[in-house]
> 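Okay, handing you the structure first.
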Amino acid sequence: MGRTSITLGGVYLNSTVTNASGPRSATREELMELSAAHSGAVVFKSCNTSGLEAPDNLKNPGVDYYSAVARNIAPRGNVTWGSVVGVTEDEIVSVARTLDGAGVRIIELNLADPFVGDSVGPFKSLDRLRALLRRVRAAVKAAIAVKVPPAAPRVQAAATAAIFRETGVAIAVCANDLPKGLEFDLAAQTAKAPHGPLSQTHAFYLAGDGNLDVVAVGGVSSGSEAYLAHLTGAKAVQVGSALIKEGVGAITRIDQELDHLLAQNGKSSVREIIGQIRLVQG
Ligand SMILES: Cc1cc2nc3c(=O)[nH]c(=O)nc-3n(C[C@H](O)[C@H](O)[C@H](O)COP(=O)(O)O)c2cc1C
């Protein structure tokens with residue numbers, strides 16, 4: 001078991017560093033390349049029932065395509081991590097069920113995209129969110145993750161985390177929206193900031209009170225950014241733009257940099273730093 005391995009939503013991952021849904025993860029070739037490049041999880045592009053030509057950011061060939069890819073990747077040992085969109089509750093439940101049937105280990109509901117927000121509107125009320133998540137939970141065996149809209153009000157983090165707990169959602173995928181120019185010290189595990197959550201990731205970590213696993217997405221392109229995301233409560237990090245810029249080597253590079261930083265700071269496991277940030281006044 002390496003320094004950067006973790007259990008996320010009950011699923012063992014060789015590394016906390018994964019790709020984000022979408023960037024370089026839309027085609028079978030891209031997903032096989034990711035799987036060959038590292039032994040951690042492989043996150044698929046969001047898909048719906050029969051594919052989409054628009055919006056551009058959600059172009060996908062449909063759930064059957066990703067189910068076939070999941071069956072190809074599973075024997076290689078990577079954890080397969082699907083992502084779901086849809087324009088109705090029925091569609092979201094059905095796509096999740098199909099991925100589950102293909103053996104996908106983590107099913108991420110992409111409730112962050114306006115495509116879902118404007119149709120299903122799961123974050124328009126806590127009752128709607130609860131109803132959708134109950135249906136998905138009843139339909140699948142896999143661990144369920146929810147990608148939270150970055151604009152979801154921070155004050156609702158506790159109520160949302162409570163619904164995740166109640167409905168058996170183990171993982172929240174949250175924005176790593178740390179303040180620009182944040183001064184921090186990784187070795188001292190401190191950040192100069194007023195009291196309160198530093199990011200959506202941090203807000204959900206605090207709100208989850210140890211019962212919710214949080215994944216940070218956004219702006220992670222180095223080991224030190226991953227380290228800081230972990231200090232603010234992330235159990236895993238997803239990499240998007242760096243993957244586009246650099247190719248699949250970005251995942252192993254960030255994992256190695258994180259591993260070196262953990263060693264340098266005398267940590268034998270990434271678990272020792274999760275949520276350990278201390279806020280100090282400037
Ligand atoms: C080209 C592209 C396609 C994306 N497609 C999806 C998608 O299908 N599903 C999803 O949940 N997020 C999608 N995203 C958002 C990423 O998963 C991620 O949240 C975002 O890029 C922020 O991470 P970054 O700062 O590392 O790029 C996409 C982003 C990009 C740039």
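Whatever order the structure lists them in is the order used to number ligands and atoms, beginning at 1.
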> Have a look at L228 and tell me which of V220, L182, N176, I273 forms a side chain to side chain contact (heavy atoms under 4.5 Å, CB included) with it.
L182
> Is the closest N or O pair between N110 and ligand 1 shorter than 3.5 Å?
yes
> So, regarding S241 and ligand 1 (criterion: nitrogen or oxygen to nitrogen or oxygen, under 3.5 Å), is there a contact or not?
yes
> Say whether S15 and H38, considering side chains only, have a donor N or O and an acceptor N or O under 3.5 Å apart.
no
> Out of G218, A242, S21, G240, who is nearest to atom 22 (C) of ligand 1 when you count heavy atoms only?
G218
> Name the residue from T167, L109, I171 that meets the side chain to side chain contact (heavy atoms under 4.5 Å, CB included) definition with I144.
L109
> Has ligand 1 got any nitrogen or oxygen that is less than 3.5 angstrom from a nitrogen or oxygen of V239?
no
> Check whether any protein heavy atom sits under 4.0 Å from atom 6 (C) of ligand 1.
yes
> Judged by modelled atom types alone, do N110 and S83 share a side-chain donor-acceptor pair under 3.5 Å?
no
> Please determine, by modelled atom types, if S222 and E257 share a side-chain donor-acceptor pair under 3.5 angstrom.
no
> Which is closest to atom 9 (N) of ligand 1 by heavy-atom distance: S46, G22, S221?
S46
> Can you tell me the protein heavy atom closest to atom 30 (C) of ligand 1 and the distance?
P23 CG, 3.7 Å
> Could you check which of E225, K245, K147 puts a non-hydrogen atom nearest to atom 15 (C) of ligand 1?
K147
> Name the closest protein heavy atom to atom 25 (O) of ligand 1, giving the residue it belongs to and the distance to 0.1 Å.
G219 N, 2.8 Å
> Quick one, D100 with R97, criterion salt bridge (Lys or Arg N to Asp or Glu O under 4.0 Å). Give me CA distance, side-chain angles, the key distance, then yes/no.
CA-CA 5 Å; D100 193 55; R97 187 184 281 122; over 6 Å; no
> For H195 and L279, work out which heavy atoms get closest and say how close.
CA-CD1, 4.2 Å
